[in-house]
Amino acid sequence: MAMAQAGILLLIAVIAVLASAKAHDAQFAIHMGLIAAIAMGAAIWRLRTMNVSAKAAAAAPTGYMDGVVRYGTVATMFWGIAGFLVGVLIALQLAFPDLNVEPYFNFNRLRPLHTSAVIFAFGGNALLCTSFYVVQRTCGARLFGGGLAWFVFWGYQLFIVLAATGYLLGVTQSKEYAEPEWYIDLWLTIVWVAYLIVFLGTLVKRKEPHIYVANWFFLSFIVTVAMLHVVNNLAVPVSFLGAKSYPIFAGVQDALTQWWYGHNAVGFFLTAGFLGMMYYFVPKQVERPVYSYRLSVVHFWSLIFLYIWAGPHHLHYTALPDWAQTLGMVFSIMLWMPSWGGMINGLMTLSGAWDKLRTDPVIRMMVLAIAFYGMSTFEGPMMSIKAVNSLSHYTDWTIGHVHSGALGWVGMISFGAIYYLVPKLWERQRLYSLRLVNWHFWLATIGIVLYAASMWVSGIMQGLMWREYNAEGFLVYSFAESVAAMFPYYIIRALGGVLYLAGALIMAFNLYRTIRGDLRKEVPMGGVVQPAE
């Protein structure tokens with residue numbers, strides 16, 4: 001088996017070298033060369049570890065497949081810090097344009113690098129490792145497919161590397177959250193189908209008759225993202241040896257398809273998947289059952305039926321037919337109810353255990369995440385109303401809304417889940433330091449508040465400046481004047497990002513010491529400090 005795998009990798013390396021030599025553009029040539037180098041390195045590593053793998057395979061697999069989950073937690077933290085660092089850089093570039101370094105490190109290329117690193121690299125790896133962990137525990141079954149889960153993990157890392165280097169090289173479709181070009185999209189499709197097979201196969205061979213609700217959320221995220229990805233990225237390549245392609249949709253049809261994808265990438269990748277995380281890790285950390293299992297089922301079905309229709313609210317006052325705009329607005333407003341049902345269910349799971357907030361900063365982090373989920377899912381429907389949208393759209397208010405959800409909901413629930421996972425996965429007594437978790441909590445919280453609040457104020461100011469006319473009917477402010485007025489708020493936003501990044505670095509240090517098996521001597525959280533003698 002090892003020889004066959006190494007042979008396949010060597011064949012891939014040879015094909016990639018030939019494709020690089022015959023490439024029609026420099027970007028495609030660089031990517032094929034990168035694939036060849038990675039495949040060659042993987043083949044050599046596979047041959048060197050062949051004997052070790054053979055001994056491992058000789059023993060019957062017992063227990064759960066947690067190796068891939070361990071790698072996933074490490075990858076989550078690595079890509080998270082990378083994404084937050086690039087976010088701080090582009091925030092500073094908006095305040096200080098001289099920080100743009102042409103051509104590879106300007107805002108145009110770093111901005112999609114940041115969004116993809118945080119959403120798909122940090123968030124995607126968090127979803128991969130937690131879904132693999134949760135489905136095994138709730139099904140009482142080892143991951144299906146043998147080494148297929150490892151293919152999913154490493155294949156996904158290759159997708160991230162190709163996408164990230166592509167952005168810096170200028171390889172992009174210019175579609176929000178869907179920038180990678182056709183050949184990267186094809187690779188991601190293969191990896192995602194393998195992910196679905198692993199997850200669904202584990203559910204099929206489960207030993208538990210009941211499918212826990214977290215698995216329904218994870219499964220809906222996997223299936224729906226696959227559908228969204230394939231349809232939105234249908235394209236015709238200019239050449240099979242070149243990076244450029246053209247989408248099969250055009251004009252308003254392309255815009256509608258893009259925001260059907262874009263909003264549901266938020267709805268299923270950044271909401272449904274992380275709700276699966278919430279429904280497993282919050283009860284486990286609190287040591288209480290879900291407040292209402294019936295409410296969680298209602299939450300699931302209402303959310304997935306309503307979310308898929310909400311995308312057109314991104315296209316208010318455009319060439320999209322008015323009925324489609326209104327449809328998106330109505331379904332967005334309806335989404336407020338199931339979203340808050342989920343928030344209430346998550347918060348009420350702490351019934352009888354609210355005192356643990358004083359002593360467990362991990363629970364505090366999870367509760368803050370649920371609170372931000374509730375706030376974001378109220379603000380989103382409100383911003384979809386046409387009268388509000390006419391003021392908020394294309395302004396920094398939207399940026400503040402997105403980041404309150406991404407940093408507050410996605411980031412904090414992911415941090416909480418990883419804090420829970422690491423001691424379990426490495427069989428440690430506890431985290432190295434709960435005090436450092438507390439520092440992380442407060443740095444991240446203050447960072448989010450500074451970021452979101454500054455963008456709310458600057459966004460509303462932008463909207464008002466752009467629509468102010470004088471008595472003669474002329475605009476009072478030029479666009480350049482509105483940009484100049486944003487400067488202090490951009491500084492505050494960058495400061496918020498620095499605090500959030502600092503919290504993530506503290507977390508990485510804490511997890512590193514935990515994995516090493518270190519324990520910090522410290523006064524328990526919420527404990528009484530002994531008076532000095």
Side-chain angles (χ1 to χ4, degrees), residues 73-96 99 105 107 110-111 113-119 121-123 125-126 357 360-369 371-372 396 399-400 402-423 431-456 458 488-516 518 520 522-523 525:
T73 57
V74 173
T76 300
M77 283 311 304
F78 173 80
W79 291 119
I81 290 170
F84 304 150
L85 180 62
V86 177
V88 170
L89 176 57
I90 62 174
L92 290 169
Q93 284 179 335
L94 287 173
F96 305 103
L99 292 175
F105 299 103
F107 182 86
L110 289 179
R111 192 266 177 180
L113 179 66
H114 163 64
T115 54
S116 291
V118 173
I119 296 171
F122 168 68
N125 275 290
L357 284 172
D360 190 345
V362 177
I363 295 178
R364 203 178 301 159
M365 197 167 273
M366 292 177 172
V367 168
L368 185 74
F372 269 104
D396 287 335
I399 310 303
V402 168
H403 282 78
S404 68
L407 302 180
W409 160 239
V410 171
M412 298 300 260
I413 197 67
S414 298
F415 295 149
I418 292 171
Y419 276 129
Y420 173 87
L421 279 177
V422 168
L431 288 165
Y432 166 69
S433 170
L434 280 181
R435 292 279 171 180
L436 288 180
V437 178
N438 197 45
W439 271 98
H440 180 195
F441 170 81
W442 284 111
L443 284 170
T445 301
I446 295 169
I448 297 166
V449 170
L450 287 176
Y451 193 118
S454 63
M455 291 297 95
W456 289 332
S458 68
Y489 304 103
Y490 286 171
I491 296 295
I492 296 170
R493 170 170 67 177
L495 175 61
V498 168
L499 292 177
Y500 200 86
L501 173 62
L505 290 171
I506 289 173
M507 179 181 183
F509 173 75
N510 199 2
L511 296 182
Y512 166 70
R513 297 296 296 270
T514 302
I515 292 168
R516 275 185 32 170
D518 299 337
R520 184 168 182 256
E522 56 190 16
V523 177
M525 294 292 301

Heavy-atom distance under 4.5 Å between the side chains of [X] and [Y], does that happen here?
X      : Y      : result
Thr514 : Asp518 : no
Met412 : Met366 : no
Arg364 : Asn438 : yes
Ile448 : Leu499 : no

Measure the spacing between [atom1] of [X] and [atom2] of [Y] and express it to the nearest 0.5 Å.
X      : Y      : atom1 : atom2 : answer
Leu450 : Ile491 : CG    : CD1   : 12.5 Å
Phe441 : Leu434 : CZ    : CG    : 13.5 Å
Tyr420 : Ile363 : OH    : CD1   : 11.5 Å
Leu85  : Leu505 : CG    : CG    : 8.5 Å
Ile506 : Leu511 : CD1   : CG    : 12.0 Å
Ser414 : Trp409 : OG    : CH2   : 8.5 Å

Please step through side-chain contact (heavy atoms from CB on, under 4.5 Å) for the pair Leu431 and Val362, ending with a clear verdict. CA-CA 10 Å; Leu431 288 165; Val362 177; 4.2 Å; yes

Parallel, tilted or perpendicular: which one describes the rings of His403 and Tyr451, with boundaries at 30° and 60°? parallel

Is the side chain of [X] donor-acceptor paired with the backbone N or O of [Y] at a distance under 3.5 Å, no angle test?
X      : Y      : result
Arg435 : Val523 : yes
Glu522 : Ser433 : no
Gln93  : Leu110 : no
His114 : Gly83  : yes

Before you tell me yes or no, could you show the steps for Thr76 and Phe122 under side-chain contact (heavy atoms from CB on, under 4.5 Å), namely the whole-Å CA-CA distance, both residues' side-chain angles and the distance that decides it to 0.1 Å? CA-CA 5 Å; Thr76 300; Phe122 168 68; 3.6 Å; yes

Quiz question: by atom type and distance under 3.5 Å, do the side chains of Tyr419 and Asn510 form a donor-acceptor pair? no

Near-ring test Tyr500/Phe84, centroid separation under 6.0 angstrom: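 Here the rings of Tyr500 and Phe84 have centres that are less than 6.0 Å from each other.
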
Stacked cation flag Arg493 on Tyr490, 6.0 angstrom / 45 deg: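 Output yes; distance and angle both within limits.
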
Do you know which two heavy atoms are closest between Ile81 and Ala508, and how far apart they sit?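 Scanning both residues, the minimum pair turns out to be CD1-CB, 3.7 Å.
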
Could you go through the side-chain contact (heavy atoms from CB on, under 4.5 Å) check for Asp396 and Ile399 one step at a time? CA-CA 5 Å; Asp396 287 335; Ile399 310 303; 3.9 Å; yes

